[in-house]
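Here the structure comes first, spelled out in structure tokens, and everything after it is commentary.
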Amino acid sequence: LDLKHRVREMAVLYKLTSLLARASDAEEILGLALDSALDILELDAGSIVLFSDDDHPADDERDVMLKTSRALSDSWLADPRPLSVGREFDRRAAEGEIVVVEDLRSDPRIIGPERVHEEQLVGFVTCAMLIQGRAIGAIRLYDREPRLLDQGEQRLVRSIAQQAGLAIEQARLLELQGQDRKTQRQ
């Protein structure tokens, strides 16, 4: 069983890598990464956000730009409140930690637990997309049942986040390169 799971993980990472290499824009890249994570981990909902370049994140979600999401309501996505007090989950993820919460409904760090109940979100994991030690964004994944990801699943979340982060950085560099060429021609 463990070997089958590892083979499936490797197949997903291989597929994701090849898809990301062919993806034409950042939105497509992030959508592919999120779909892959939800599929392989058999999770119910998720989002990928990018952080502003500010070294001191706000206490709310003003410095967070939603790039893609799956199976989350408009009201959840529009709510400016962070999930955790003091954005603890984002801060810990930005420091390189994979943050896993088995049951959001009973976690005292949650802001607005009624939101979690209404959205029927229970299990949670987040991991930053790090580029040269700097968090450029995060993948946030949810389950509708209590769930603790094992070490292998956590490594997979980190791998998917890193693949997405590298692809985003490459897309940004290609865009800058195109702008530079355009400027040189003028």
Side-chain angles (χ1 to χ4, degrees), residues 12 16 20 26-52 54 57-131 134-150 153-169:
V12 166
L16 180 60
L20 293 177
E27 309 292 324
E28 183 182 6
I29 290 166
L30 295 177
L32 291 168
L34 182 56
D35 289 340
S36 295
L38 293 173
D39 178 48
I40 187 67
L41 296 168
E42 298 177 351
L43 294 169
D44 297 312
S47 64
I48 295 181
V49 297
L50 296 181
F51 300 142
S52 72
D54 188 3
D59 287 335
D60 60 18
E61 297 269 310
R62 284 179 306 202
D63 66 337
V64 173
M65 184 183 341
L66 175 70
K67 297 308 283 183
T68 190
S69 68
R70 302 290 185 267
L72 294 169
S73 70
D74 290 340
S75 64
W76 176 268
L77 297 171
D79 194 323
R81 295 176 292 175
L83 182 58
S84 58
V85 174
R87 287 185 59 191
E88 178 183 342
F89 299 157
D90 282 345
R91 292 178 198 282
R92 287 174 50 196
E95 293 169 0
E97 187 177 337
I98 299 171
V99 180
V100 180
V101 178
E102 182 176 13
D103 193 335
L104 292 169
R105 300 170 299 186
S106 60
D107 194 302
R109 299 169 292 182
I110 301 305
I111 294 175
E114 73 283 352
R115 297 183 304 152
V116 171
H117 178 73
E118 289 170 15
E119 198 72 18
Q120 299 176 343
L121 301 176
V122 182
F124 172 73
V125 61
T126 187
C127 179
M129 297 181 294
L130 298 170
I131 300 296
R134 184 177 63 83
I136 63 166
I139 185 167
R140 299 168 172 174
L141 306 170
Y142 306 89
D143 202 334
R144 306 239 187 257
E145 300 292 327
R147 173 95 181 259
L148 270 179
L149 273 64
D150 64 34
E153 291 171 322
Q154 290 181 37
R155 281 192 308 271
L156 186 58
V157 170
R158 184 182 305 282
S159 294
I160 291 171
Q162 291 307 103
Q163 291 281 339
L166 289 170
I168 291 300
E169 195 65 14

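Counting begins at 1 with the first residue of the sequence.
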Here the gap from Cys127 atom SG to Arg155 atom CZ, rounded to the nearest 0.5 Å, amounts to 13.0 Å

Stepwise side-chain contact (heavy atoms from CB on, under 4.5 Å) check, Val64 with Phe51: CA-CA 5 Å; Val64 173; Phe51 300 142; 4.0 Å; yes

Taking the side chain as every heavy atom from C-beta outward, state whether Leu121 and Arg144 have any pair of such atoms under 4.5 Å apart. yes

For Ala37 and Ile139 the tightest heavy-atom approach is CB-CD1, 3.9 Å

Hey, are the side chains of Arg158 and Gln154 touching, using non-hydrogen atoms and a 4.5 Å cut-off? no

With distance as the sole test, does Ser84 use its side chain to make a donor-acceptor pair with the main-chain N or O of Arg109 at under 3.5 Å? no

Between CE on residue Met129 and CD1 on residue Ile160, distance to nearest 0.5 Å: 12.5 Å

Nearest 0.5 Å please: distance from the CG atom of Asp79 over to the CG atom of Leu72. 12.0 Å

When rounded to the nearest 0.5 angstrom, what distance separates CG in Leu50 from CD1 in Ile168? 6.0 Å

In this structure, OG of Ser69 is separated from CG of Leu30 (nearest 0.5 Å) by 11.5 Å

Minimum heavy-atom distance between Ile29 and Ala164, given as atom pair plus value: CG2-O, 4.2 Å

Taking the side chain as every heavy atom from C-beta outward, state whether Val122 and Leu104 have any pair of such atoms under 4.5 Å apart. no

Asp74 atom CG, neighbour heavy-atom count above 12 within 6.0 Å: no

Donor-acceptor pair, distance only, cut-off 3.5 Å: does the side chain of Arg105 make one with the backbone of Pro113? no

Tell me whether the rings of Phe124 and Tyr142 are parallel (<30°), tilted (30 to 60°) or perpendicular (>60°). tilted

Candidate pair Val116 and Leu83, rule side-chain contact (heavy atoms from CB on, under 4.5 Å), full reasoning: CA-CA 9 Å; Val116 171; Leu83 182 58; 4.0 Å; yes

Does the distance from a Lys or Arg side-chain N to an Asp or Glu carboxylate O, for Arg92 and Glu88, drop under 4.0 Å? yes

Tell me, do Glu102 and Asp107 make a side-chain contact under 4.5 Å, heavy atoms counted? no

Using distance alone, with no hydrogens and no angle criterion, decide if Thr68 and Glu27 have a side-chain donor and acceptor under 3.5 Å apart. no

Tell me if a side-chain donor or acceptor on Arg70 pairs with a main-chain N or O of Asp35 at a distance below 3.5 Å. no

Pair Val125, Leu148 - check side-chain contact (heavy atoms from CB on, under 4.5 Å), show working. CA-CA 8 Å; Val125 61; Leu148 270 179; over 6 Å; no

With the side chain counted from C-beta on, respond yes when Val101 and Thr126 share a heavy-atom pair under 4.5 Å apart, and no when they do not. no

Pair Val49-Met65, side-chain contact (heavy atoms from CB on, under 4.5 Å): steps then yes or no: CA-CA 5 Å; Val49 297; Met65 184 183 341; over 6 Å; no

Evaluate the side-chain proximity of Leu43 to Arg147: yes if any heavy-atom separation is below 4.5 Å, no if none is. yes

Taking all atoms of both residues into account, what is the closest heavy-atom pair of Gly96 and Leu130, and its distance? CA-CD1, 3.9 Å

Which distance, rounded to the nearest 0.5 Å, do you find between the CG of Asp90 and the CG of Asp63? 8.0 Å

Any side-chain heavy-atom pair from Pro80 and Arg62 closer than 4.5 angstrom? no

